[in-house]
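As a basis for the values below, the full set of heavy atoms in this structure was taken, side chains included, without hydrogen atoms, waters or symmetry mates. Every chain is numbered from 1, with letters handed out A, B, ... down the list of sequences. This is a predicted model, so every value here is computed, not measured.
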Number of protein chains: 2
Amino acid sequence: MATIRDVAKLAGVSVSTVSRVLNKNGYVHTETENKVADAIQRLDYEPNAVARGLANQKTMTLALILPDITNPYFPLLSKAVENVARAYGYSVILCNADDHLGEPKSYIELLRQAYIGGIIFATHALEPQDIDYLNKHQIPFVVLDRAPTRQYSVVRSRNYEGAKLAVRHLLDSGCRQIAHIYGPPEIFTASERRQGYMDSVQAYDWYRPELMVPGDFQLEGGMEAAKQLMERHPDIDGIFAGNDLMAVGALKALLRMGIKVPEQVAICGFDGIFLTEVIEPELTTIAQPIYEMGALAVKILLGKIAGSDDLDQVHELEVSLVVRQSTKRGKLE
Amino acid sequence: MATIRDVAKLAGVSVSTVSRVLNKNGYVHTETENKVADAIQRLDYEPNAVARGLANQKTMTLALILPDITNPYFPLLSKAVENVARAYGYSVILCNADDHLGEPKSYIELLRQAYIGGIIFATHALEPQDIDYLNKHQIPFVVLDRAPTRQYSVVRSRNYEGAKLAVRHLLDSGCRQIAHIYGPPEIFTASERRQGYMDSVQAYDWYRPELMVPGDFQLEGGMEAAKQLMERHPDIDGIFAGNDLMAVGALKALLRMGIKVPEQVAICGFDGIFLTEVIEPELTTIAQPIYEMGALAVKILLGKIAGSDDLDQVHELEVSLVVRQSTKRGKLE
DNA sequence: TTGAAAGCGCTAACAT
DNA sequence: ATGTTAGCGCTTTCAA
């Protein structure tokens, strides 16, 4: 493999000159630049990433930390991150946080000593002490799905408004008794969606707190919640689930109970994952721009790495109602 | 951040001694070892991965190259890879090959100049010239889902036998006219499964070549193929799809056509992805041990990195029939 | 505008 | 058993 020294020798210049043309900094005569470019070409030279990393104390690698890549929300997100990162010359290291919770060395320390360029957190297992560590060591990072804050950059979407959109749509579809399956309270987005539901239905006389039941943001939780809901409140005719996975679970449970969707009960989810288009009937959902969120997170991160300190701290993206079979009850439309 | 020099100074020894205790090679007096260990502890020292990489011409990073992480087969695979790799101290870089097909610099060259430890290929876009390049530059690698070969290590599963298992199960379930939706011929596993189907049904008088229709290993292909199949051959009562995604597509198409599954047509897929448990009715499938395949691939790769040259070249894992609703026709069981 | 040389933090001969 | 030192390949002062 050719090194910068080989190039320098062949071009008849010093390594520092080669380095200058490589990094396009410092003054370099056009003529020598051409000689260098020529030598680079002829040797098929490619600067070594590791050596660069060592000299710069910083590598062209980003880390994406997420709870679990097998959760259907994350493949598209990680694809976006990888795509955009690569477009800018960065590689991305994948970290399934849930699988390594009890480990002695935290991801962050490991990444730091590997001179990682920056980190995207799509996990909820980010502790205040981690934030301190990141700040103390000046590691650029971006967080997804957190509360608006000035502490760090956040990429998120309009969960509250999305939930209102869902309820309104269910109402418009002719539902008169809408239940909600909410996600884990410690997950901020789950609470926002729940709040959106509450504020939308509170004024109706049919509303009772029992119409809100907890789920776990997983398939199973959605199934159980829906089952319980229908057993206790057979007159429910609409379910708004806090995420698509639970919505699919709810659908599954209803089908098994012989309840027709959307005729007897309409279902609306949240997220807009691929799964909603796979099942039958297809699921109406409040779609987040998942790919865009990942792409934006990378761009913000790269901006931070480049030193821009004035990046907006909170980036809130719009959600959109995607109407599909699971809420088509032929009413009012 | 503490460096090896700081440790050496604090312990009152030289850097090479510290290096020796770090890497547990060379002789070192127990007493001095303790002093060093103590200094490491007190400084909270952690050897720098990048510097190590540069000195060794090799980093503790693996690459996983797959077609597209949003294909539901790959999240579990990549989780396995990441888990096992990390257990051995390695990080893994994710590469969506399909998204970067037209790019000038190939992944492999990029990875090489980043001193990658090794590569796992779960993509089919691996050309002979890539193999040459890898061998020439002595980059350890393992390939998934390829034909048995002596050229390189392969991790795969019994596709042929699995297909036979599928057909036999469909037959046992009372099917008398079984169609097959096969995957892209350039994908070797697809051909093997197709061959298994052919060899299983050829002897039956109901068999006709038209019962085999092409799919694309995606949802859409499965839908279209199933639709076409049922329109042209309404007496089909069983479908064996070359993978789960197409099986799910087939199910979707049949449901839309008002055809009952499994009562009128039974469906069996192949792979054992999560999706098969999510849909309703749940899908019978020939399950590959996806996690184990990923885990094994890493272990073989690490073995190669460590220098073992005598690793078996082909690792073929067993598949298993997972019977679910989509083939429960109440016959013969 | 260009070059010499000192790192970046670690490993591994080679010496002692 | 331990230390000295020359790299690994690149960046970046500092001089010229």
Side-chain angles (χ1 to χ4, degrees), chain A residues 1-37 39-40 43-61 89 109-117 137-138, chain B residues 1-37 39-40 43-61 89 109-117 137-138:
Chain A
M1 205 72 203
T3 74
I4 196 172
R5 236 179 289 271
D6 300 325
V7 175
K9 198 168 294 173
L10 182 60
V13 299
S14 75
V15 292
S16 50
T17 299
V18 177
S19 177
R20 280 187 199 101
V21 348
L22 244 32
N23 301 295
K24 307 187 197 310
N25 60 15
Y27 297 87
V28 131
H29 201 90
T30 318
E31 201 174 305
T32 40
E33 179 169 349
N34 288 145
K35 280 194 300 187
V36 172
I40 287 174
L43 291 171
D44 195 25
Y45 167 77
E46 198 67 33
N48 181 285
V50 180
R52 269 196 164 157
L54 184 59
N56 291 329
Q57 313 258 73
K58 184 158 294 191
T59 66
M60 296 289 275
T61 305
E109 294 173 59
L110 249 30
L111 292 171
R112 181 172 120 75
Q113 61 97 356
Y115 288 151
I116 196 90
H137 295 286
Q138 310 233 62
Chain B
M1 207 71 201
T3 75
I4 196 172
R5 237 179 288 271
D6 300 325
V7 175
K9 197 168 296 173
L10 183 60
V13 299
S14 75
V15 292
S16 53
T17 300
V18 177
S19 178
R20 279 186 200 100
V21 346
L22 244 31
N23 301 295
K24 307 188 198 309
N25 60 16
Y27 297 88
V28 64
H29 203 90
T30 317
E31 202 173 307
T32 41
E33 179 170 347
N34 288 145
K35 280 194 301 187
V36 172
I40 287 174
L43 291 171
D44 196 21
Y45 167 77
E46 198 67 33
N48 182 285
V50 180
R52 268 195 165 159
L54 184 59
N56 291 330
Q57 314 258 69
K58 184 158 293 190
T59 65
M60 296 289 275
T61 306
E109 293 173 61
L110 250 30
L111 293 171
R112 182 173 120 75
Q113 63 96 357
Y115 289 151
I116 196 91
H137 295 286
Q138 310 233 63

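- B:I4 places its CD1 atom 11 Å from the C1' atom of C:dA12, with the value rounded to the nearest Å.
- In this structure, NE2 on B:H29 lies 9.5 Å from CG on B:N34, to the nearest 0.5 angstrom.
- One can place CD of B:E46 at 14 Å from C1' of C:dC10, the figure rounded to the nearest angstrom.
- The base of C:dA4 sits within donor-acceptor range of the side chain of A:S16, with an N or O pair under 3.5 Å.
- Taking 4.0 angstrom as the limit, A:Q113 places none of its side-chain polar atoms (N or O) nearer than this to OP1 or OP2 of C:dG9.
- Between B:Y45 and the phosphate of C:dC10, there is a side-chain N or O to OP1/OP2 separation shorter than 4.0 Å.
- For the pair A:L22 CG and D:dC10 P, the interatomic distance rounds to 8 Å; values are reported in whole Å.
- Between C:dT11 and B:S19, a contact under 4.0 Å exists linking OP1 or OP2 to a side-chain N or O.
- B:M60 places its CE atom 15 Å from the P atom of C:dC10, with the value rounded to the nearest Å.
- Distance CG/A:N48 to CD/B:Q57: 7.5 Å, rounded to 0.5 Å.
- Taking only side-chain atoms of A:T17, from C-beta outward, the nucleotide of C:dT2, D:dT2, C:dG9 with the closest atom is C:dT2.
- Residues A:L10 and A:Y45 are not in side-chain contact: their nearest non-hydrogen atoms beyond the backbone lie 4.5 Å or more apart.
- Rounded to whole Å, the distance from NZ on A:K58 to C1' on D:dC10 is 17 Å.
- Between B:A49 and A:Q113 the shortest heavy-atom distance is N-OE1, 2.9 Å.
- In this model, the phosphate group of C:dC8 is not approached by any side-chain N or O of A:Y115 to a distance below 4.0 Å at OP1 or OP2.
- Among the heavy atoms of the strands lying under 4.0 Å from B:V13 are primed sugar atoms or P, OP1, OP2 only; no base atom is included.
- Between A:R5 and D:dC10 there is no side-chain polar atom (N or O) within less than 4.0 angstrom of OP1 or OP2.
- Look at CG on B:L43: it is 15 Å from C1' on C:dG9, rounded to the nearest Å.
- DNA chain C lies under 4.0 Å from at least one heavy atom of each of the following residues of residues 24-37 of chain A: A:Y27, A:V28, A:H29, A:T32.
- Of the side-chain N and O atoms in B:N23, one or more sit less than 4.0 angstrom from OP1 or OP2 of C:dT11.
- At a threshold of 4.5 Å between non-hydrogen side-chain atoms, the residues A:L110 and B:M60 do not count as touching.
- Taking every side-chain heavy atom of B:R20 into account, C:dC14 is the closest of D:dC10, C:dT11, C:dC14.
- Just one of A:V21, A:V28, A:V18 meets the side-chain contact (heavy atoms from CB on, under 4.5 Å) condition when paired with A:V13; it is A:V18.
- You'll find the side chain of A:I4 reaches within 4.5 Å of the side chain of A:L22, heavy atoms only.
- Taking CG from A:D44 and CD from B:E109, the interatomic distance works out to 6.5 Å, rounded to the nearest 0.5 Å.
- Per the geometry, CG belonging to B:L54 stands 14 Å off C1' belonging to C:dA12, to the nearest Å.
- Note on B:S14: a side-chain N or O is less than 4.0 Å away from OP1 or OP2 of D:dG3.
- The phosphate of C:dG7 (OP1 or OP2) has no side-chain N or O of A:Q57 nearer than 4.0 angstrom.
- Closest to the side chain of A:N56, from the set D:dT4, D:dT11, C:dG9, is D:dT11.
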